[in-house]
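Here is the structure we will look at.
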Amino acid sequence: MKKIITMVISVITLSSCEKEIELDLNSSNSKYVIEGEMPQNELATVKITKTVNFSDLNNFPIVKGAIVTITDEIGTTEQLIETSTGIYKTQKLKGGEGKTYTLSVKADGNTFTAKSTMPKAVKLTGLKISLSSFAPPGAFSSDNYIVFPQFIDPPQLGNSYRFIQTRNGELDKSIIIANDNIGNGQPNSRFIFSQNFDIKLGDEVTVEMRCIDVPVYDYFFSLNSIQGNGPGGGTTPSNPVSNISGGALGYFSAFTVQKVSAVVK
Amino acid sequence: MAKLKFIILSVLMSSSMLFAQEKFTISGTMRDKATGEELIGATVVVKEIPNTGKAANEYGFYSITLPKGNYTLRATYIGYNEIEKTITLDKNLKIDWEFESGKQLQEVVIKATKDDENITKTAMGTEKLDIKEISKLPVIFGEKDVLKTIQLLPGVKSAGEGNSGFYVRGGGADQNLILLDEAPVYNASHLLGFFSTFNSDAIKDATIIKGNSPANYGGRLSSVLDVRMREGNDKEFQTSGGIGIISSRLAVEGPIQKEKSSFMISGRRTYVDQLLKASEDFSDTKLYFYDLNAKANYRINKNNRVFLSGYFGRDVLGFGNALGIDWGNRTGTLRWNSIINSKWFSNTSLIYSDYSYQFKVTGGENSFVNQSTIKDWNLKQEFQFFPSTRNSWRFGFNSIYHNITPGSLISETDESENNVKEGRKAFENAIYAQNTFSVSPKFSMDYGLRLTSWSVLGGTTYNIYNNGIKTDSVVLADGSFGKTYFNIEPRLSFNYILNPKNSIKAGYARNTQNLHLLSNSTSSNPTDQWVGSSYNIKPGISDQFSLGYFKNFAENKYEFSAETYYKSLQNQVDYKNGADIQTAPDVESELLFGKGRAYGLEFSIKKKSGKFTGWVSYTLSKTERQVDGINEGNWYAARQDRTHDLALVGIYQISPKWSLSSNFIYYTGDAVTFPSGKYEVGGNTTFYYTDRNASRMPNYHRLDFSATYEKPRKGKYQSSWNFSLYNAYGRENAYTITFEDNENDPTRTSAIQTSLFKWVPSVTYNFKF
């Protein structure tokens, strides 16, 4: 919506101008940022960093020496090993379908906890690729392709998905999520909508489908939608809804993993 | 108790009790001689009795009751020649006044119907716009616009650059009751806010009331903008129009049967998209709006008249066949005016109003549509009673049946996927009484009471949420009544005239609002949704206290006013952080509730006549909200909070042919949330926010010029050219500020300011024959 509004505005005004400005922004106390992932049948990884002020360089401090543990449903706790600075990994514990995991992070006297449940996997059967009808301004027809992941949503409401897309090995960094508020219990008919990631004839596309739980969906949904700024279709920005308690930013997600590749032809 | 009875009696009976004299009534209508248009607010004054002015009501009717005797009556309306009549009052008289346009009046006169209205009228925070005057002010794209002109008044703030949305005294953009011939207009803007839905060719009169509205208005918390369409010339045919750089207008009006019935039809269309077609980049872009105002009236006999008026407007926006949005309003009003006798006037209106939008996205062979509508049927009955010169009454009722279909995303290709949200119906009722009473020549009061109810109607299921978690649900059968809210809304204002040049006024008003606009964006968005009060959403309530000092000097040429207000708001609705408003099964689960407060001081100085006219308005204000779940429950500045707001408007009539005008606007930045830090998630730079709306946009200022050349009249043919320059010194005002990784240096982030309009020149040619 924001992009559309920007386009409309530029059309109406015929010219709008953009420039970089100096702003005296408030500074804030540095906060912990936790990205915890527990993939299906794989070891868990937790990355811990910190925030910096807006005017600082994009060097985000890495948090070393934290005590990170993951506990499964039956009470088995494993402390994660710092395999490289700021990256903590389990050695034995792997994610399992339908199981709930509790993450605990202790760093410099702070304790953060989070819980995530890996949903049952929904079978990804393949990819359907078709020509996009969205022609960019100036073009009579589009030469971009869009990708429809093929799966059937289970009947109960609340299934949530995250997709990771690569094109010839290059990762699409945008956040692609879906849930079954639309089309509950139906075969999927929605394509992956990603800006600035054009797929052309001959490209090899790989889509990884992750079944995620609702709090993690909410995290990514809000991360996507509330990072807008100011008027012109932007929402009032705020921090995404996190499933981590204790005041840290980020998320902890246990998710299923399936991958399918196809060549556009 | 006996004393109270006496007061009530004396108010009701007024002077007739105190002086047992024989009394007679003069009544009639006040009209423009050339066109037959009724003149709202034209005044009749009795020379022998000071402060007896009676203004014509919104249908041009007036009534004065006086003791038997000889009188000189003087009828005035600004911009028209004064009329005097000497009468002998020994029976009830019907006197109709026909005003001739003032030929000698080459200078412009602004916004007043009576020289000393600023001092003598009881109503506070009320401004009437002269449509003729608006046409001389500089505007963007040369498109004169009621909604943009009211933003130059104290206490009214623009919602952003070039935007027709406005905020009144700290209220939200949805808290303005915008009426077109009594029909509520839900989305008063075109092209995402750059134009208003009001085609000024079709408009006769516009009045804004900033919160202290009389009891005959209700349903919104902050203001009333009452716009009346012209009736159409009932004496001769007339065509008028304008050709501008971005849009053109054409209006035709004339008698159906001379002086018995007339019609008016006015249309407007933009053609930016036609210009865009020339550019290859936008060859498949659709972007335009059109609107049509039509009205007809018929005099059944000299005391009865019916009116039928309608508005239809639509915006269309599309990119190829991939994406299309269209939205618009439709309104229709059927009215019956009846002069029951010289003291009683009745108006009955049946009103239909709807607003709908449709948003379609096509990808491959699949397409989705998101659509929503709000439809109202509205019945209004009002009686006006003029027992004496010092006293007038209005009372009546208003019943509205609302039918709201919330936005549902629908697959056009696979219907089995659809989860269409059920429509919701509600029944809104109000009864009211309002009295205007001159207690003494120095002291007058307007007071009234409005009782309102809102009933949720059956036909669907209502869920009850506690902190976003469903705790219960109510299944209501079709036709049954669910939750009903009752409210009592007192309205009071007092005017104490210290001397003919100075007065003090005070007022209090409670307003309630049962329709809430859910908007999480900061500009007017066609897909914003209206929801009614329900089991979760309680009626919004505002209480406004205001106090003002009014002064006229130099023989009423200059008006000064200072008003201060304090407003408290209850049951304000906001989205929770990260709410999913498009696809959430029930949007009510995504809401938070809170309260608000707003206070401020407004100054205005006007020069009303002479070669040079204009005004200066300044507002100092603060607007805050407190919502559990936002900003840790602490008070924060609302997004419309703007500390200083200044507008200077000047019109100079150089000669009968040429006039110049200019605006200067300065305001301090709106409250906004800027990041106070940043971090990385999934390899993307993400911003960290602390307090809500704790930062400020840069200050805004702009100077506009306009020149109007009126060609000497050739027979019936009149024409004028209007040249305007918006943002004359090319200030780059911030429209948005966004934050992103620096394109050239990914190790840094930068703040990017987008500004829209820099030197927008425009030319408009207007004609009339």
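So you know, we letter chains A, B, ... as the sequences are listed, proteins then strands, and number each from 1.
No cation-pi contact links B/Lys157 to B/Tyr167, judged by a cut-off of 6.0 Å to the six-membered ring centre and 45° from its axis.
Both the backbone and the side chain of B/Ser750 come within contact range of chain A, each with at least one heavy atom under 4.5 Å from a heavy atom of that chain. With a 4.5 angstrom heavy-atom cutoff, A/Leu23 touches chain B only via side-chain atoms. For B/Asp691, no part sits under 4.5 Å from any heavy atom of chain A, backbone or side chain. For a residue to count as touching a neighbouring chain, one of its non-hydrogen atoms must lie under 4.5 Å from one of that chain's; by this rule B/Glu732 touches chain A with the side chain only. Proximity to chain A (any heavy atom under 4.5 Å) is shown, for B/Asn631, by neither the backbone nor the side chain. Only the side chain of A/Glu35 comes within less than 4.5 Å of a heavy atom of chain B; its backbone N, CA, C and O stay farther away.
One N or O on the side chain of A/Ser30 and one on the backbone of A/Thr51 form a donor-acceptor pair closer than 3.5 Å. Checking side-chain atoms of B/Arg696 against main-chain N and O of B/Gly669 turns up a donor-acceptor pair under 3.5 Å. Panel note: side chain A/Lys173, backbone B/Gly683; a donor-acceptor pair is recorded below 3.5 Å.
Identified by a heavy-atom distance below 4.5 Å to chain B, the contributing residues of residues 52-62 of chain A are A/Val52, A/Asn53, A/Phe54, A/Asp56, A/Leu57, A/Asn58, A/Phe60, in residue-number order.
Every residue two or more places apart in sequence or in another chain that forms a ring-ring contact (aromatic ring centres under 6.0 Å, His included) with A/Phe151 is listed here: A/Tyr161. Scanning for salt bridge (Lys or Arg N to Asp or Glu O under 4.0 Å) contacts around B/Arg625 gives an empty result, with sequence neighbours left out. A/Tyr88 is linked by a ring-ring contact (aromatic ring centres under 6.0 Å, His included) to nothing, counting only residues two or more places apart in sequence or in another chain.
Separation of atoms CD (B/Glu743) and CD1 (B/Ile752) is listed at 7.5 Å; rounding is to 0.5 Å.
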For this session: Mind running ring-ring contact (aromatic ring centres under 6.0 Å, His included) on B/His190 and B/Phe195 for me, showing each step along the way?
Result: CA-CA 5 Å; B/His190 284 302; B/Phe195 294 90; 7.6 Å; no
